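Hydrogens, waters and symmetry mates play no part in the numbers below; they use all other heavy atoms, side chains included. Lettering follows sequence order; numbering is per chain, from 1. Values in this document were obtained by computation on a predicted structure and should not be read as measured data.
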There are 2 protein chains.
Amino acid sequence: MQSFNPPVRTLMGPGPSDVHPRILSAMARPTIGHLDPVFVGLMDEIKEGLKTIFKTENELTMPVSAPGSAGMEACFANLVEPGDKVIVCINGVFGMRMKENVTRLGGEAIIVEDSWGEAVSADKLEETLKNNPDVVIVAFVHAETSTGAQSDAKALCKIAHQYDCITIVDTVTSLAGTELRVDEWGIDAIYSGTQKCLSAMPGISPISFSERAIKKLSTRKTSVSSWFLDLNLVMRYWSKGAKRTYHHTAPVNTLYGLHESLVMILEEGVENSWARHQRNHELLRDGLEAMGINFLVNKKNRLPQLNSVFIPEGVDDAQVRSTLLNDYNLEIGAGLGVYAGKVWRIGLMGYTSRKENIVLCLSALKEILGK
Amino acid sequence: MQSFNPPVRTLMGPGPSDVHPRILSAMARPTIGHLDPVFVGLMDEIKEGLKTIFKTENELTMPVSAPGSAGMEACFANLVEPGDKVIVCINGVFGMRMKENVTRLGGEAIIVEDSWGEAVSADKLEETLKNNPDVVIVAFVHAETSTGAQSDAKALCKIAHQYDCITIVDTVTSLAGTELRVDEWGIDAIYSGTQKCLSAMPGISPISFSERAIKKLSTRKTSVSSWFLDLNLVMRYWSKGAKRTYHHTAPVNTLYGLHESLVMILEEGVENSWARHQRNHELLRDGLEAMGINFLVNKKNRLPQLNSVFIPEGVDDAQVRSTLLNDYNLEIGAGLGVYAGKVWRIGLMGYTSRKENIVLCLSALKEILGK
C-alpha cells in the first residue's frame, strides 16, 4: 500500500463537484481539539454562515457530522414518531429514500407520486391532504438530484401549513445554487449537503429546524431511536457558551473546509451565486441544444446546476462517459433508476460552475460524438 | 467572516491527537468522484489496511462515514432487535453510552457495573450470564477513554462465547495503540475511531463484523431502524467489483486521510506502534511520578496511550489547563463524570506519542506547578 495520489478531474457529475483549492488547503490546516475555545468560535461562525445562506433566523442551524443521507435521517428520526402519518412526495430517487426513512421509523408514509423529471404537483399534494386530515408532516425534495427537476418549495410549504403540517425539505442539491428562502417559504426542517453548490468536500450535512419543528421534537412521546442523531443532544453540543455539552467529536478538518466555503459564498453573495449558476446553465444549455441534445426536464422546472439530457440515439452511454473520464479527466453522471442508460446528468455546481468547464465539456462531447 | 487559521497546538488530550502532516496534506489532494474507478480502488485498499490493523479476515471491514459514536450506533442498530437482552459492562462514560444505544433500540440492557478507573470484571460478567440465560449480546469497552482503563477483551469475549453470545467491543482509543486481535480474541462487532492512535482527522469510524455478527444481522425479524447505518446497504457500497451499489456519498477527502494513516501504520508495523505507545507511556509515567503525580488506574489495567492522573491537591484544574493551552499551545484533557475536576487525562496517541511531546508536557507542568 502506497500513498494515494488522485488524478486531477473536472467533476461535472451530480456531486461531488470540484472543491476549490482554498477549501482543500483549509482542510489541511493543523487539527485542534474540538473543545478548544478557538474551535468553539469556529463552530459559532459556521452556524451564522449557514443561517445566512439558508436565509433563516433558526437558532437550530448547524451541520450534522455525516453525509447528506444522515442529514435526511436527522430530520426524519427527530420528527417522525411511530404511528405518525407523513406525506412523502416522490418524483425521483431521493423521495423514495424519504419514504424508506419514514417506514423504518414506524411512521405511515402516504405517497404523492409524480413522474421522474417532473416537479411535485401542488394540486396532488392538496388533494392528498384533504383526504388525509390526520397527516402531520409533508416531506418533499426541492431539487431532485436523480433527474434535475426542481419543485416549487414555497407553494408546497404554503399548502402543507394550511393543513397544519410540518414540512421536511431536501435541499442537498439546491443550497447556494438556486433560490432558497427557509423562513420566507416556511420550511420547518431542512437538510443539505456540502459537496454540491458549496464546492466543499463531501461528508457533512447542514440542517436547520424552525420553532415549529423544535416544538414537535420536544413534545415527542418516545425517545429518538438514534443517539447519534438525537438533536436534543446534538444541539447542546452546538450551543453557545456555558450550555455547550460534549456529544461526539466533531470532524474538525472537514469543518475547516465548510467554514472556508461559507466565507467564499458570503464574499460572492448567495444571490450572486444563484445568478452565476443560472447564467452558466444557459451557456451549457445553448451549446448542448446546438448539438441536438435535449433536456429531460422542461424549462420551467429545470435546475440550473444539474442538467439531465437524453443520450443521443445509438450512442454507447458507458463508453462515452469512460472516454470523457480517461481521455479528458472529465466526469459526468450516469442516469439513475428509470433513466439509467437513457440520460446523462451534467453538473454545474459550485466551483465547477465556470465558463472554462462548459467549454471543455461541450468540446469534448463534440469530439467524441463526432458532431 | 474571514478564513480560519487555527493555532498550532500539541494535542495531548483524549483525542483528537496530532494529525501527521502527511495525513493533513493527503486530505488536501483534489477531490474525485466517489464512483470513479480510481476511488473504488482506494476504498478496496482501505478495507485491506483496516483488516491488517484489526488483525481480522472479516470481509465486512470498512469505515462508517461518520464519527466513532456513529460507529458505535452502527454496531448496536444492526445487531440489537427490540426485545433482545444485552449485557452492557459499564466502567465509564462510553459504557453508559452503549446502554443508551440498547435502550433506544428497544433492547433490554442488563448492566455489569465496575468502578470508574477499573477494568470490567470477568467474574461479574460470568455470574450475570449465568443468571440471565436468554442474553444474546455482550457489549463492553476495551479502552475506556473517560478513565484510561483497559479491560481484558480476550477473556471477556471467551466467556461471552461460552454462553453463546455475540460480542460488541468499543476500541475507539485502543486501535493501533495497544494490543488488539479481532479474530484471535473472538470479537464479533468492533468499532473504532481515526482521531486517536491512527493520528488521522476525526470524523469516520472503522468497523468490522464477524460471520457470527453478519448471521445475526441477516436473520433479523425487523428492519434496521436507521437507513444510513443499515449495513445490509452500506456493505454493498463497500463491496468489490460489480456488486457495488450506491448508498451515500463517501467523505472522499477524509478517506484520503485515513488511507495515508494506514500506509503509515503499515510502514511502522502495528506491533511496533503498540510498543512505541508503551515505551513513551513509561517515559511520561516516570516523569509524572517523579513530580509526585499519581495515576488513577492501577499498573495492570493502565492504557499506555491515555494517562489519567490525579490533580495535585490545591491546584486549580481549569487554570492549569488554560495556561498550558494559552502559553504553551499544549492541550491536555479534563476529567469526566465522577472524575471531573479530580483528574487530568494526558493522551499519548498516534503521532502525539513522541519523546519531544513528553519533554514538553513534563517541563510545562513543572513550570506551572512550581515543582
Run the salt-bridge test on B/Arg97 and B/Glu100 with the 4.0 Å N-O cut-off and return the result as yes or no.
no

What part of B/Ile32 lies closer than 4.5 angstrom to a heavy atom of chain A: side chain, backbone, both or neither?
both

Chain A interface, residue from B/Gly203, B/Pro67, B/Pro30 that has the most non-hydrogen pairs under 4.5 Å
B/Pro67

Under the side-chain contact (heavy atoms from CB on, under 4.5 Å) rule, what do A/Leu258 and A/Thr254 come out as? Steps first, then yes or no, please.
CA-CA 6 Å; A/Leu258 173 60; A/Thr254 306; 6.0 Å; no

Output yes when a side-chain donor or acceptor of B/Asn78 lies under 3.5 Å from a complementary backbone atom of B/Leu231, and no otherwise.
yes

For the atom pair OG (A/Ser17) and CE (A/Met12), what is the distance rounded to the nearest 0.5 Å?
11.0 Å

Scored by heavy-atom pairs under 4.5 Å with chain A, the best of B/Ala70, B/Gly41, B/Ala26 is B/Ala70

Tell me whether the rings of B/His247 and B/Tyr237 are parallel (<30°), tilted (30 to 60°) or perpendicular (>60°).
tilted

Quick one: of A/Ala77, A/Ser223, A/Pro7, who has the most non-hydrogen atom pairs under 4.5 Å with chain B?
A/Pro7

Under 4.5 Å from any heavy atom of chain A, what part of B/Gln2 do you find: side chain, backbone, both or neither?
backbone

Most heavy-atom pairs under 4.5 angstrom with chain B, which of A/Phe76, A/Phe4, A/Tyr256?
A/Phe4

Separation of B/Tyr191 OH from B/Asp170 CG (nearest 0.5 Å):
3.5 Å

Based on non-hydrogen pairs under 4.5 Å, which of A/Ala66, A/Ser25, A/Gly13, A/Ser226 is most in contact with chain B?
A/Ser226

Residue, of B/Asp36, B/Val8, B/Thr249, that accumulates the most heavy atom pairs under 4.5 Å with chain A
B/Asp36

Can you measure from CH2 (A/Trp238) to CZ (A/Arg244) and round to the nearest 0.5 angstrom?
8.0 Å

Mind ranking B/Leu336, B/Leu266, B/Leu35, B/Val224 by heavy-atom pairs under 4.5 Å with chain A and telling me who comes out on top?
B/Val224

With chain A, which of B/Asn101, B/Asp230, B/Thr103, B/Ile23 has the greatest number of heavy-atom pairs at distances under 4.5 Å?
B/Asp230

Tell me, out of B/Met201, B/Met27, B/Arg29, B/Glu267, who's got the most heavy-atom pairs with chain A below 4.5 Å.
B/Arg29

Per the salt bridge (Lys or Arg N to Asp or Glu O under 4.0 Å) rule, what does the pair list look like for residues 322-337 of chain B, sequence neighbours excluded?
none

Is it the backbone or the side chain of B/Val64 that comes under 4.5 Å from a heavy atom of chain A, or both, or neither?
neither

Give every residue pair that meets the side-chain hydrogen bond (donor to acceptor under 3.5 Å, both in side chains) criterion with at least one member in residues 195-205 of chain A, sequence neighbours excluded.
none

Using modelled atom types and a 3.5 Å cut-off, is there a donor and acceptor pairing between side-chain atoms of B/Asn253 and backbone atoms of B/Ala28?
no

Heavy-atom proximity to chain A below 4.5 Å, by part of B/Glu260:
side chain

Under 4.5 Å, counting heavy-atom pairs only, tell me which of A/His34, A/Arg9, A/Met264, A/Glu73 racks up the most with chain B.
A/Glu73

Looking only at A/Leu42, A/Leu325, A/Leu105, A/Asn329, the option with the highest number of non-hydrogen pairs under 4.5 Å against chain B is A/Leu42

Under 6.0 Å between the ring centres of B/Trp227 and B/His248?
no

What part of A/Tyr351 gets within 4.5 angstrom of chain B, counting heavy atoms only: side chain, backbone, both, or neither?
neither

Check each atom of B/Ala250 against the heavy atoms of chain A and say whether the ones under 4.5 Å are side chain, backbone, both or neither.
backbone

